[in-house]
Asks: 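Submitted below is the structure of interest, expressed as structure tokens.
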Amino acid sequence: MPELPEVEVLRRSLASHLPGARIESVDVHDVRLRERVDTRRLRAAATGRRILALERRAKYLLAHLEEERTLVLHLGMSGRVTVVPADAARLPHEHVAFTLDGGRRLRFVDPRRFGLVLALPTAGLGSDRHFASLGVEPLGDTFDGDYLRRRARGRRGPVKAFLMDAGIVVGVGNIYASEALFLAGIDPRRSVGRIGAERFERLAGAVRTVLARAIELGGTTLNDFVDGEGNPGEFQIALGVYDREGEPCIACGGPVRRIVQSGRSTYLCVRCQR
DNA sequence: CTTCGATCCTGAAGGC
DNA sequence: TGCCTTCAGGATCGAA
């Protein structure tokens with residue numbers, strides 16, 4: 001469900017509720033996430049501490065706590081994080097819940113259990129295995145066509161897989177990879193070794209444009225994405241190709257095609273993308 | 001080193 | 001109606 005825009009939208013929506021809140025208790029109802037939840041460690045890190053600030057790194061949501069602790073949340077494919085009244089009924093698949101002061105609860109719901117909830121020392125975040133090998137932020141200063149061109153040197157394989165490689169650039173998942181390549185007019189099957197400087201520049205620009213626009217529109221809600229207050233996004237109405245197989249291309253009117261690359265759907269217009 | 005495929009898991013949707 | 005298959009927005013691991 002969530003790529004960079006969805007996690008960023010979530011972070012922003014929680015930013016008006018969580019900073020300043022104190023975590024009174026932590027309930028773990030099911031430890032079986034992508035990595036087993038370490039309940040004792042989570043409780044030790046969070047209980048009694050206030051949330052200072054929220055940050056996003058790649059598709060991870062980071063809640064920095066007092067005394068150099070950080071909660072790390074990842075939504076996987078189906079995760080939801082919302083703030084609700086503390087006495088709200090527990091939802092199915094509500095695996096972890098943080099009771100906050102002011103009668104509120106931060107709930108983590110994840111039917112498929114590909115998500116992640118853990119606590120780390122703030123100082124060691126960068127060297128933690130989840131973060132150590134991540135590439136650059138696509139909305140940051142160091143991401144541009146020249147960066148892509150340098151990282152593509154000596155690589156083969158289709159450009160779509162390259163774009164989705166978190167060791168290169170983070171946050172671009174299956175939806176926004178298709179969308180950025182459509183906007184850049186590049187065929188997702190094209191080998192990265194056969195893309196020139198000018199097209200890398202266009203691709204970098206397209207990635208930034210698509211992600212920024214998706215954040216503005218509150219993310220993409222195909223199925224179940226909601227922000228921290230339970231509101232769905234609206235970028236799905238602005239999608240150019242994703243999930244539009246057989247429908248007319250918004251640029252040329254030709255049919256949008258669906259292909260499969262490394263086991264995942266890719267959508268493209270073969271007339272507009274070369 | 002890269003690159004590909006399989007895998008974790010549940011639920012929704014479509015075909016018959 | 002029900003049963004079966006396929007597919008889904010992520011990340012990791014082992015094999016080639």
Side-chain angles (χ1 to χ4, degrees), chain A residues 1-10 29-37 56-61 72-81 91-96 108-118 128-135 138 150-181 188-193 207 210-211 214-215 217-227 232-246 258-267:
Chain A
M1 152 208 295
E3 303 182 30
L4 183 149
E6 288 72 37
V7 180
E8 179 61 21
V9 165
L10 174 65
H29 300 109
D30 193 337
V31 299
R32 299 172 301 163
L33 300 184
R34 190 175 91 219
E35 294 169 23
R36 184 184 177 83
V37 178
R56 180 194 54 74
R57 172 67 173 122
K59 297 171 188 166
Y60 294 89
L61 179 67
V72 178
L73 304 178
H74 194 289
L75 304 184
M77 291 280 256
S78 59
R80 282 187 187 212
V81 174
L91 288 180
H93 309 292
E94 182 173 333
H95 307 312
V96 182
F108 179 89
V109 178
D110 184 10
R112 289 176 74 182
R113 289 192 270 117
F114 289 173
L116 201 59
V117 178
L118 56 103
D128 180 81
R129 64 189 168 84
H130 297 92
F131 303 99
S133 59
L134 290 178
R150 287 197 318 271
R151 294 300 305 268
R153 195 164 291 159
R155 281 182 69 124
R156 4 192 130 258
V159 61
K160 189 206 179 202
F162 175 72
L163 255 195
M164 290 179 66
D165 184 341
I168 305 293
V169 57
V170 301
V172 182
N174 208 38
I175 293 180
Y176 298 109
S178 279
E179 291 299 308
L181 288 161
R189 298 164 291 192
R190 177 177 284 271
S191 168
V192 279
V207 168
V210 164
L211 297 181
I215 292 170
L217 289 183
T220 300
T221 300
L222 288 178
N223 228 345
D224 55 3
F225 168 72
V226 293
D227 69 14
E234 293 184 343
F235 190 73
Q236 61 279 7
I237 64 177
L239 290 171
V241 287
Y242 189 86
D243 204 25
R244 296 193 59 235
E245 182 181 14
R258 173 184 174 273
I259 62 174
V260 175
Q261 293 182 284
S262 49
R264 315 199 60 188
S265 291
T266 301
Y267 297 85

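Below, read A as the first sequence line, B as the second, and so on, with proteins coming before strands; counting in each chain starts at 1.
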Asks: Hey, which of these two, A/Gly154 or A/His93, hits DNA chain B nearer its 5' end, going by closest nucleotide?
Replies: A/Gly154

Asks: Between the side chain of A/Glu3 and the main-chain N/O of A/Tyr176, is any donor-acceptor distance below 3.5 Å?
Replies: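 Side chain of A/Glu3 to backbone of A/Tyr176, a donor-acceptor pair under 3.5 Å: yes, one is there.
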
Asks: For A/Arg155, report the nucleic acid contact type (base, sugar-phosphate, nothing); a contact means any heavy atom under 4.0 Å.
Replies: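 It contacts sugar-phosphate atoms only.
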
Asks: Should the ring pair A/His95 and A/Phe108 be called parallel, tilted or perpendicular, given that the plane angle runs from 0 to 90° and is split at 30 and 60?
Replies: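 If you compare the ring of A/His95 with that of A/Phe108, the planes turn out tilted.
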
Asks: Name the residue closer to the 5' end of DNA chain B, choosing between A/Arg151 and A/Ser262 according to the nucleotide with the nearest heavy atom.
Replies: A/Arg151

Asks: When we call it a touch if two heavy atoms are under 4.0 Å apart, what does A/Gly173 touch: a base, just sugar-phosphate, or nothing?
Replies: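 Result for A/Gly173 = sugar-phosphate.
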
Asks: Measuring only the C1' atom in each nucleotide, how far is C/dG9 from B/dT3? A whole number of Å is fine.
Replies: 22 Å

Asks: Given atom CZ of A/Arg258 and atom P of C/dT6, what is their separation to the nearest angstrom?
Replies: 12 Å

Asks: Among all residues two or more places apart in sequence or in another chain, which pass the side-chain hydrogen bond (donor to acceptor under 3.5 Å, both in side chains) test with A/Arg150?
Replies: A/Asp146

Asks: Side-chain atoms of residues 233-243 of chain A: list all donor-acceptor pairs with protein atoms under 3.5 Å, sequence neighbours left out, distances to 0.1 Å.
Replies:
residue, atom, partner, partner atom, Å
A/Gln236, OE1, A/Thr221, N, 2.9
A/Gln236, NE2, A/Gly233, O, 2.9

Asks: Let me have a per-nucleotide readout for nucleotides 11-16 of chain C, 5' to 3', with B, S or -, counting only protein heavy atoms under 4.0 Å.
Replies: S-----

Asks: Nearest-Å distance, OH (A/Tyr176) to P (C/dG9)?
Replies: 12 Å

Asks: Considering only residues two or more places apart or on different chains, which pairs with a residue in residues 166-180 of chain A satisfy salt bridge (charged side-chain N to carboxylate O under 4.0 Å, His left out)?
Replies: none

Asks: What pairs of residues pass the side chain to side chain donor-acceptor pair (under 3.5 Å) test when at least one of them lies in residues 108-118 of chain A, not counting sequence neighbours?
Replies: A/Ser78-A/Asp110

Asks: Using atom P of each nucleotide, how far apart are C/dC3 and B/dC9 to the nearest Å?
Replies: 24 Å

Asks: Send over the distance from A/Asn174 CG to C/dG9 P, rounded to a whole Å.
Replies: 4 Å

Asks: Please, what dot-bracket string fits DNA chain B when only Watson-Crick and G-U pairs with both distances under 3.5 Å count, crossing ones use [ ] and pairs to another strand use |?
Replies: .|||||||.|||||||

Asks: Classify A/Asn223 by what it touches in the nucleic acid, base, sugar-phosphate, or nothing, heavy-atom distance under 4.0 Å.
Replies: base

Asks: Which whole-number value in Å describes the distance from A/Leu217 CG to C/dG9 P?
Replies: 20 Å

Asks: For A/Arg189, what residues pass the salt bridge (charged side-chain N to carboxylate O under 4.0 Å, His left out) criterion, not counting sequence neighbours?
Replies: A/Asp187

Asks: In whole angstrom, give the distance that lies between atom CD1 of A/Ile175 and atom P of C/dA8.
Replies: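 Taking atom P of C/dA8 as the reference, CD1 of A/Ile175 is at 11 Å.
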
Asks: For A/Arg57, which residues count as a salt bridge (charged side-chain N to carboxylate O under 4.0 Å, His left out) partner, sequence neighbours excluded?
Replies: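 Testing A/Arg57 for salt bridge (charged side-chain N to carboxylate O under 4.0 Å, His left out), a comparison that skips the adjacent residues, returns A/Glu137.
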
Asks: Partners of A/Leu61 by side chain to side chain contact (heavy atoms under 4.5 Å, CB included), sequence neighbours excluded?
Replies: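 By the side chain to side chain contact (heavy atoms under 4.5 Å, CB included) rule, A/Leu61 matches A/Val7, A/Leu10, A/Arg11, A/Leu14, A/Leu73.
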
Asks: Between C/dC7 and B/dG5, how far apart are the P atoms? Round to whole Å, please.
Replies: 15 Å

Asks: Rounded to the nearest Å, what distance is computed from the CZ atom of residue A/Arg112 to the C1' atom of nucleotide C/dG9?
Replies: 9 Å

Asks: With sequence neighbours left out, write down each residue that passes side-chain hydrogen bond (donor to acceptor under 3.5 Å, both in side chains) with A/Arg244, or none if nothing qualifies.
Replies: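 side-chain hydrogen bond (donor to acceptor under 3.5 Å, both in side chains) check on A/Arg244 returns A/Glu247.
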
Asks: Any chance you could measure A/Lys59, atom NZ, to A/Leu75, atom CG, to the nearest 0.5 Å?
Replies: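 The CG atom of A/Leu75 is 10.5 Å from NZ of A/Lys59, to the nearest 0.5 Å.
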
Asks: Nearest to the A/Leu222 side chain among C/dG10, C/dA8, C/dG9, which nucleotide is it?
Replies: C/dG9

Asks: Cut-off 3.5 Å, no hydrogens considered: what does the side-chain donor-acceptor table look like for residues 160-168 of chain A, sequence neighbours left out?
Replies:
residue, atom, partner, partner atom, Å
A/Lys160, NZ, A/Asn174, OD1, 2.5
A/Lys160, NZ, A/Ser265, O, 3.3
A/Lys160, NZ, A/Thr266, OG1, 3.0
A/Asp165, OD1, A/Gly167, N, 2.8
A/Asp165, OD2, A/Arg155, NH1, 3.3
A/Asp165, OD2, A/Arg155, NH2, 3.3

Asks: Earliest and latest nucleotide of DNA chain B, 5' to 3', sitting under 4.0 Å from a non-hydrogen atom of chain A?
Replies: B/dT3 to B/dG11

Asks: Does A/Tyr242 have a side-chain nitrogen or oxygen under 4.0 Å from the phosphate oxygens OP1 or OP2 of C/dG9?
Replies: yes

